[in-house]
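Each remark here refers to the structure printed beneath this line.
Note that the coordinates shown come from a computational prediction; the quantities given were computed from them, not determined experimentally.
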Amino acid sequence: MKARKISRPATTRLSWARAFGRIASSTSEANKQIVEPRIETMGKQPSAWITTQQKKRWPLMILLLLSLSTLMAFLIRSTFDSCRNGSSTNVGNFIREGQEEEKGGTHHEVNHNDEAPTPNPLDFMKSKLVLLVSHELSLSGGPLLLMELAFLLREVGADVVWVTNQKQTESDDIIYSLEHKMLNRGVQVFSAKGQEAIDTALKADLVVLNTAVAGKWLDAVLKEHVADVLPKVLWWIHEMRGHYFKLEYVKHLPLVGGAMIDSHTTANYWKNRTRERLGIKMPETYVVHLGNSKELMEVAENRVAKRVLREHVRESLGVKNEDLVFALINSVSRGKGQDLFLRSFHESLKLIQERKLKVPPIHAVIVGSDMNAQTKFETELRNFVSQNNMQGRVHFVNKTLTVAPYLASIDVLVQNSQARGECFGRITIEAMAFQLPVLGTAAGGTMEIVVNGTTGLLHPAGKEGVMPLSNNIVKLATNVEKRLTMGKKGYERVKERFLEHHMSERIAKVLKEILLHKAKRHSES
């Protein structure tokens with residue numbers, strides 16, 4: 001089987017993080033050299049020799065500092081350029097685990113170890129053939145999460161093949177870039193509808209369908225071979241919206257090896273909804289909370305990196321270092337609640353003025369805009385800002401895959417997804433890794449991540465949540481200690497349960513169950 005070759009280079013979030021980690025490390029050493037002479041001059045041992053040495057060293061140190069600053073500025077600018085050229089918000093960009101106990105469901109919770117597993121818990125997948133079926137290839141959460149699984153499997157020597165069911169016919173730079181990244185990591189990329197995909201599905205040890213919509217691929221491509229493949233299918237579901245509950249998508253769900261879902265809330269919803277609306281039964285279902293990548297954690301735990309990112313992002317936004325920034329980082333759509341967030345922010349400005357509270361200027365940042373094709377909804381958002389004279393307080397940032405610069409530059413994350421909320425919401429645990437408090441809706445997976453009153457504050461979804469969110473904004477704006485304490489507690493929670501090795505161990509347990517299930521069915525037949 002020959003994978004399609006792609007030669008065009010690609011810029012991705014993970015490679016950016018690695019490069020930044022190396023640069024930040026060099027910056028740390030440079031800072032030591034720059035600070036130490038100052039300590040000497042502040043001592044009480046003046047001498048002509050010290051003065052002479054300082055005069056000789058300062059020009060070199062200043063030059064070094066300017067060079068490093070220029071390099072950092074170039075790095076950040078290139079990140080912004082890539083955003084403007086059409087990246088997309090990584091809304092949940094990689095996700096992890098929630099609370100200890102399941103509430104009211106019969107599905108299984110996959111537990112984790114506090115210690116980083118050695119050896120890799122996925123080592124048993126070495127030389128196994130795995131077919132990954134994605135409904136699309138984009139910068140949205142589902143495909144990116146499946147790509148992360150592909151790379152975890154490749155690290156232990158699994159043979160991984162990727163197919164995209166719904167693919168644009170015209171050339172797309174984002175698809176080109178993501179496919180190039182997979183090929184560079186040894187993932188084979190095939191056409192979803194070719195004979196190679198059928199042959200791979202029949203020979204594979206495991207087939208992973210990603211999202212409910214990917215179920216259409218089974219009948220459309222495998223046809224008479226569907227029954228042969230179903231026992232080795234793991235169906236990874238991320239959706240929470242009612243329109244995904246269509247029989248044409250999920251009619252084979254009861255017969256697959258198992259289902260993997262990102263939160264207990266979503267798993268319970270699927271169990272009840274499929275029974276009541278479709279009259280079908282869920283297969284063995286496993287809840288697997290997700291975890292932050294090692295690359296993101298490296299940046300989140302690097303003080304120099306965060307300081308430099310904060311300075312440059314705030315400068316680009318026209319925000320002072322002492323100002324407070326509340327940001328919503330998500331694709332701009334009504335379901336993500338940017339409109340209600342801006343209403344809450346407007347109310348919080350009025351509350352601060354009415355109560356004559358002494359707080360630094362506060363700003364709202366919407367990361368996930370589309371500068372090239374503004375939707376009707378985004379136009380409404382911008383009109384609301386103009387009508388309420390908030391242009392200097394509200395900032396729109398183009399959609400981007402590299403969320404780390406913005407997490408480093410803000411003070412509070414707002415997760416305002418509406419209706420049933422996020423299936424999980426990976427941006428939440430990413431923000432917690434950066435020691436940010438989270439203001440989230442009391443819905444969906446957010447309730448399994450945020451501990452209300454400890455790592456953040458929750459508010460109701462819908463219009464009834466506007467005033468509670470505005471009050472929570474004021475609470476954190478007026479209480480520095482609360483912000484810092486919640487941020488620290490959130491970081492500790494991430495370290496306990498939302499890291500990459502936690503996710504690897506949880507996924508490993510599920511894959512072992514699916515392979516065992518397949519073996520039993522094979523022996524019975």
**Item:** Any donor-acceptor pair under 3.5 Å from His459 side chain to Leu439 backbone
**Value:** no

**Request:** Tell me, with the steps shown, if Glu284 and His517 meet side-chain contact (heavy atoms from CB on, under 4.5 Å).
**Result:** CA-CA 10 Å; Glu284 200 77 18; His517 177 79; over 6 Å; no

**Request:** Considering only NZ, NE, NH1 and NH2 on the basic side and carboxylate oxygens on the acidic side, decide whether Glu448 and Arg497 come within less than 4.0 Å.
**Result:** no

**Message:** A side-chain contact here means heavy atoms from C-beta on lying under 4.5 Å apart; do His502 and Leu499 qualify?
**Reply:** yes

**Item:** From CA spacing to verdict: side-chain contact (heavy atoms from CB on, under 4.5 Å), Arg185, Val160
**Value:** CA-CA 10 Å; Arg185 300 285 289 272; Val160 182; over 6 Å; no

**Complete:** dist Glu422:CD -> Thr266:OG1 (nearest 0.5 Å) comes out at 9.5 Å

**Request:** State, yes or no, whether a side-chain contact exists between Phe341 and Ile366 at a heavy-atom distance under 4.5 Å.
**Result:** yes

**Prompt:** Does Gln418 reach the main-chain N or O of Gly462 with its side chain, forming a donor-acceptor pair under 3.5 Å?
**Reply:** yes

**Message:** Donor-acceptor pair, distance only, cut-off 3.5 Å: does the side chain of Asn292 make one with the backbone of Ile429?
**Reply:** yes

**Message:** The test is side chain to side chain donor-acceptor pair (under 3.5 Å); show your working for Asn268 and His264 and say whether it passes.
**Reply:** CA-CA 6 Å; Asn268 283 324; His264 295 298; over 6 Å; no

**Prompt:** Are the side chains of Asp205 and Met125 in touch, meaning some heavy atoms are under 4.5 Å apart?
**Reply:** no

**Prompt:** Does the side chain of Ser263 pick up a donor-acceptor pair with the side chain of Thr265 at under 3.5 Å?
**Reply:** no

**Any residue meeting ring-ring contact (aromatic ring centres under 6.0 Å, His included) with Trp162, in chain and number order, not counting sequence neighbours** = none

**Asked** For the side chain of Gln338 and the backbone of Ser331, is there at least one donor-acceptor N/O pair under 3.5 Å apart?
**Response** yes

**Prompt:** Atom CG in Leu206, atom NZ in Lys232: separation rounded to 0.5 Å?
**Reply:** 9.0 Å

**Flag, side chain of Thr200 to backbone of Glu196, donor-acceptor distance under 3.5 Å** = yes

**Fill in**
In this structure, NZ of Lys281 is separated from OG1 of Thr274 (nearest 0.5 Å) by 10.5 Å

**Message:** Tell me whether Ser344 contacts the main-chain N or O of Leu342 through its side chain, where contact means a donor paired with an acceptor under 3.5 Å.
**Reply:** no

**Request:** Check whether any side-chain heavy atom of Val250 lies under 4.5 Å from a side-chain heavy atom of Trp270, and answer yes or no.
**Result:** yes

**Prompt:** Any chance NZ of Lys489 has more than 12 other-residue heavy atoms, nucleotides or ligands included, within less than 6.0 Å?
**Reply:** no

**Message:** side-chain contact (heavy atoms from CB on, under 4.5 Å) for His501 and Glu505? Distances and angles first, verdict last.
**Reply:** CA-CA 6 Å; His501 73 81; Glu505 187 168 291; 5.9 Å; no

**Prompt:** Has Arg334 got its NZ or CZ under 6.0 Å from the middle of the six-membered ring of Phe377, at an angle within 45 degrees of the ring axis?
**Reply:** no

**Message:** Do the side chains of Glu301 and Lys495 get close enough for a salt bridge, i.e. N-O under 4.0 angstrom?
**Reply:** yes

**Item:** Verdict with supporting geometry, Leu511 and Leu153, side-chain contact (heavy atoms from CB on, under 4.5 Å)
**Value:** CA-CA 11 Å; Leu511 299 191; Leu153 292 171; 4.2 Å; yes

**Asked** Within a strict 4.5 Å, meaning less than it, do heavy atoms of the Ile329 and Val397 side chains meet?
**Response** no

**Message:** Using every non-hydrogen atom in the two residues, find where Ala227 and Pro231 come nearest and quote the distance to one decimal.
**Reply:** O-CD, 3.4 Å

**Message:** Does any part of the side chain of Phe434, heavy atoms only, come nearer than 4.5 Å to the side chain of Leu413, both counted from C-beta?
**Reply:** no

**Item:** Rounded distance (nearest 0.5 Å) linking atom NZ of Lys181 with atom CG of Leu183
**Value:** 11.5 Å

**Message:** Once side-chain contact (heavy atoms from CB on, under 4.5 Å) is applied, do any residues pair with Leu247, and if so which ones, sequence neighbours excluded?
**Reply:** Lys251, Leu278, Ile280

**Request:** Using ring-ring contact (aromatic ring centres under 6.0 Å, His included) as the criterion, list what pairs up with Trp235, not counting sequence neighbours.
**Result:** none

**Request:** Flag the pair Glu430 / Val403 as yes when at least one side-chain heavy-atom distance between them is below 4.5 Å, and no otherwise.
**Result:** yes

**Whether over 12 other heavy atoms sit under 6.0 Å from Lys193 NZ** = yes

**Message:** Measuring from atom CE of Met260 to atom CD1 of Ile514, what distance do you get when rounded to the nearest 0.5 angstrom?
**Reply:** 8.5 Å

**Item:** Shortest non-hydrogen contact between Pro121 and Ala508, atoms and distance
**Value:** O-CB, 3.4 Å

**Prompt:** Any Lys/Arg nitrogen of Glu378 or Arg382 sitting under 4.0 Å from an Asp/Glu carboxylate oxygen of the other?
**Reply:** yes

**Prompt:** Are the side chain of Lys399 and the backbone of Val332 linked by a donor-acceptor contact shorter than 3.5 Å?
**Reply:** no

**Complete:** Here the pair of heavy atoms bringing Ala433 nearest to Tyr491 is O-CD1, 3.4 Å

**Item:** Considering all heavy atoms, the nearest Gly258-Pro283 contact
**Value:** C-CG, 4.1 Å

**Distance (rounded to the nearest 0.5 Å) between Thr211 OG1 and Lys216 NZ** = 9.5 Å

**Request:** Kindly say whether Thr375 contributes a backbone atom to a donor-acceptor pair with the side chain of Asp370 at under 3.5 angstrom?
**Result:** no

**Request:** Identify, with sequence neighbours excluded, every residue that meets salt bridge (charged side-chain N to carboxylate O under 4.0 Å, His left out) alongside Asp159.
**Result:** none

**Fill in**
Closest heavy-atom pair, Leu458 versus Ala442, reported as atoms and distance to 0.1 Å, is CB-CB, 4.1 Å

Distance-only check: which donor-acceptor pairs under 3.5 Å involve side-chain atoms of residues 127-134, not counting sequence neighbours?
| residue | atom | partner | partner atom | Å |
| --- | --- | --- | --- | --- |
| Lys128 | NZ | Phe124 | O | 3.4 |
| Ser134 | OG | Glu136 | N | 3.4 |
| Ser134 | OG | Glu136 | O | 2.4 |

**Donor-acceptor under 3.5 Å (Ser417 side chain, Lys336 main chain)** = no

**Message:** Do Phe396 and Val385 make a side-chain contact, defined as non-hydrogen atoms from C-beta onward lying under 4.5 Å apart?
**Reply:** yes

**Asked** Which pair of non-hydrogen atoms, one from Val156 and one from Lys126, has the smallest distance, and what is that distance?
**Response** O-CB, 3.2 Å

**Request:** Mark yes or no for whether Ser470, through its side chain, and Met467, through its backbone, hold a donor-acceptor pair below 3.5 Å.
**Result:** yes

**Message:** Using the side-chain contact (heavy atoms from CB on, under 4.5 Å) criterion, which residues pair with Gln195? Sequence neighbours excluded.
**Reply:** Ile198, Asp199

